[in-house]
Protein chains: 2
Amino acid sequence: MLLSNSCEYGLRALMYLSAEEQEGYVSLRTISKRLDISFAFLGKIFQILNAVGLSTSQRGPSGGVALARDPATITLYEVVVALDGEDLFRECVLGLPGCGERQPCPMHREWAQQRDQLELLFRRATLAETARETREQNYRLTTLTNEDAPE
Amino acid sequence: MLLSNSCEYGLRALMYLSAEEQEGYVSLRTISKRLDISFAFLGKIFQILNAVGLSTSQRGPSGGVALARDPATITLYEVVVALDGEDLFRECVLGLPGCGERQPCPMHREWAQQRDQLELLFRRATLAETARETREQNYRLTTLTNEDAPE
DNA sequence: CGCATTTCGGATAATGAGGTCTTATTTTCA
DNA sequence: TGAAAATAAGACCTCATTATCCGAAATGCG
């Protein structure tokens, strides 16, 4: 698996927040229901996202979570690193510590190139751009296969 | 992590076997020592590799494991699929089941392209080619950082 | 104030990957 | 035939991730 469950959940949740373009806070309960992610686990994930300053939260009625910064400035790379660390974009594909130009493993050159492209993919993508495309193209963030008609 | 520990170990072990170009069988003990991989765990991994027909084994003195086929016909892709399955090359980066052209997630198009490149990287590389480069360029398969002088 | 709503945070459980240990089985060779 | 060498295979342990549960703390509102 490329990304951990936590990271997949976190990305989807922030994309959802961004695509909603709703003023104020969105409750974890709402996100949990809409994206079919465990409520309690989502709480844990947002504790991390809050801690690194990607989101903020508000307790009490009409509380919830919200993006802490302009979504145009938040890259998916930031989110991945916050939740999974940067190993994916740094480590040897064979797990050899210290693998690099000086002491390369057999896959180093090709993997390093692939790794950089992967990093670029996540660095280029912002929450704002992702949200725009999601709204325009009706991309889905949920696990449901039927069209989710607004009630 | 892109590949599981098992998969990293399996790839390194098969690359080692191929690069050794030794007639007959190589004992797990030898591979374990040379690559600094747990002996018992390596045994488990070769049970899988034997089962799928990538390697064969022989018990008793002068026994061990060996490649079951011409290394020029064994791709790294085969090894990865045997040990980690093909999810990495098939699944949605956000973990959404059924994500595809029909019901894409926001990252689908870019990820699908990246995923295909990744698959190609592993499909193009054969054990024979990897072994040749490893011998010629003195690539390393071990975790040690000092040059391993032949005794 | 008092109550409902909501996140916070610690404790706890479940799961699977990673790793170890032990015994059985096969093979070679003296 | 017996001992040694080697893989096979099942049982078991460990740990991080994933997930759940519950009480505490904060917030808004009548």
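The analysis underlying the following values was restricted to heavy atoms, covering all of them including side chains, and did not include hydrogens, waters or symmetry mates. Numbered from 1 within each chain, the chains take letters A, B, ... in sequence-line order.
- Atom NZ of A/Lys33 is separated from atom P of C/dT6 by 9 Å (rounded to the nearest Å).
- Note on the helix from C/dC1-D/dG30 to C/dA30-D/dT1: terminal axis deviation equals 0°, with five pairs used at each end and the result rounded to 10°.
- In this entry the distance linking CG of A/Leu3 with C1' of D/dT18 reads 16 Å, nearest Å.
- Here the straight-line distance linking atom OH of A/Tyr139 with atom CG of B/Leu94 works out to 12.5 Å at 0.5 Å rounding.
- Summarising the geometry, the separation between CG on B/Asp36 and P on C/dG19 is reported as 11 Å, rounded to the nearest angstrom.
- Side-chain N/O atoms of A/Asn50 and A/Ser55 include a donor and acceptor closer than 3.5 Å.
- Within 6.0 Å of CD on A/Gln137 lie more than 12 heavy atoms contributed by other residues, nucleotides or ligands.
- The shortest distance between the side-chain N/O atoms of A/Ser38 and the OP1/OP2 oxygens of D/dT18 is not below 4.0 Å.
- When the P atom of C/dT7 is taken as reference, atom CZ of A/Arg29 falls 8 Å away, rounded to whole Å.
- Taking A/Tyr9 as the reference, A/Phe41 meet the ring pair (Phe, Tyr, Trp, His ring centres under 6.0 Å) condition, with sequence neighbours excluded.
- Considering only side-chain N and O atoms, A/Tyr9 lies under 4.0 angstrom from the phosphate OP1 or OP2 of D/dA19.
- Rounding to the nearest 0.5 Å places NE2 of B/His108 at 13.0 Å from CD of A/Glu133.
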side-chain hydrogen bond (donor to acceptor under 3.5 Å, both in side chains) evaluation trace for B/Asp36 with B/Thr143: CA-CA 7 Å; B/Asp36 195 33; B/Thr143 181; 5.0 Å; no
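- Remark: B/Ser57 is not in phosphate contact with D/dA6, judged by side-chain N or O atoms under 4.0 Å from OP1 or OP2.
- Note that OH of A/Tyr16 is 12.5 Å distant from OG1 of A/Thr134, once rounded to the nearest 0.5 Å.
- By the 30° and 60° cut-offs, the orientation of the rings of B/Phe89 relative to B/Phe122 is perpendicular.
- Taking for each of B/Ser27 and A/Ser6 the nucleotide of DNA chain D with the nearest heavy atom, the 5'-most of the two is the partner of B/Ser27.
- Counting all heavy atoms, side chain and backbone alike, B/Arg90 lies closest to B/Arg115 at O-NH1, 2.7 Å.
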Atom pairs under 3.5 Å: protein N/O with N/O of nucleotides 12-14 of chain C:
none

Give the B/S/- string for nucleotides 24-30 of chain C, one per nucleotide from 5' to 3', where a protein heavy atom under 4.0 Å of the base yields B, of only the sugar-phosphate yields S, and otherwise -. -BBBB--
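- With values rounded to the nearest 0.5 angstrom, B/Thr130 atom OG1 is found 4.5 Å from B/Leu76 atom CG.
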Going through the checks in order, is the salt bridge (Lys or Arg N to Asp or Glu O under 4.0 Å) test met by A/Glu129 and A/Arg124? CA-CA 9 Å; A/Glu129 182 62 16; A/Arg124 274 195 304 246; over 6 Å; no
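- Of all heavy-atom pairs between B/Arg140 and A/Pro106, the closest is O-CD, 3.5 Å.
- Listed by first and then second residue, the salt bridge (charged side-chain N to carboxylate O under 4.0 Å, His left out) pairs that reach into residues 70-81 of chain B are B/Arg69-B/Glu78, sequence neighbours excluded.
- Annotation: proximity of residues 39-46 of chain B to DNA chain C (heavy atom, distance under 4.0 Å) is found for B/Ala40, B/Phe41, B/Lys44, numbered in ascending order.
- Contact annotation: A/Asn50 side-chain N/O to C/dT7 OP1/OP2 distance is not under 4.0 Å.
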Given salt bridge (Lys or Arg N to Asp or Glu O under 4.0 Å), test B/Arg12 with B/Glu8 step by step and report yes or no. CA-CA 6 Å; B/Arg12 287 168 56 206; B/Glu8 292 176 356; over 6 Å; no
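- Close to C/dG19, at under 4.0 Å from its OP1 or OP2, lies a side-chain N or O of B/Asn5.
- Nucleotide C/dC21 holds its C1' atom 16 Å from the CG atom of B/Leu28, rounded to whole Å.
- Comparing A/Gln47 and B/Met1 along DNA chain C, the residue whose closest nucleotide (by nearest heavy atom) sits nearer the 5' end is A/Gln47.
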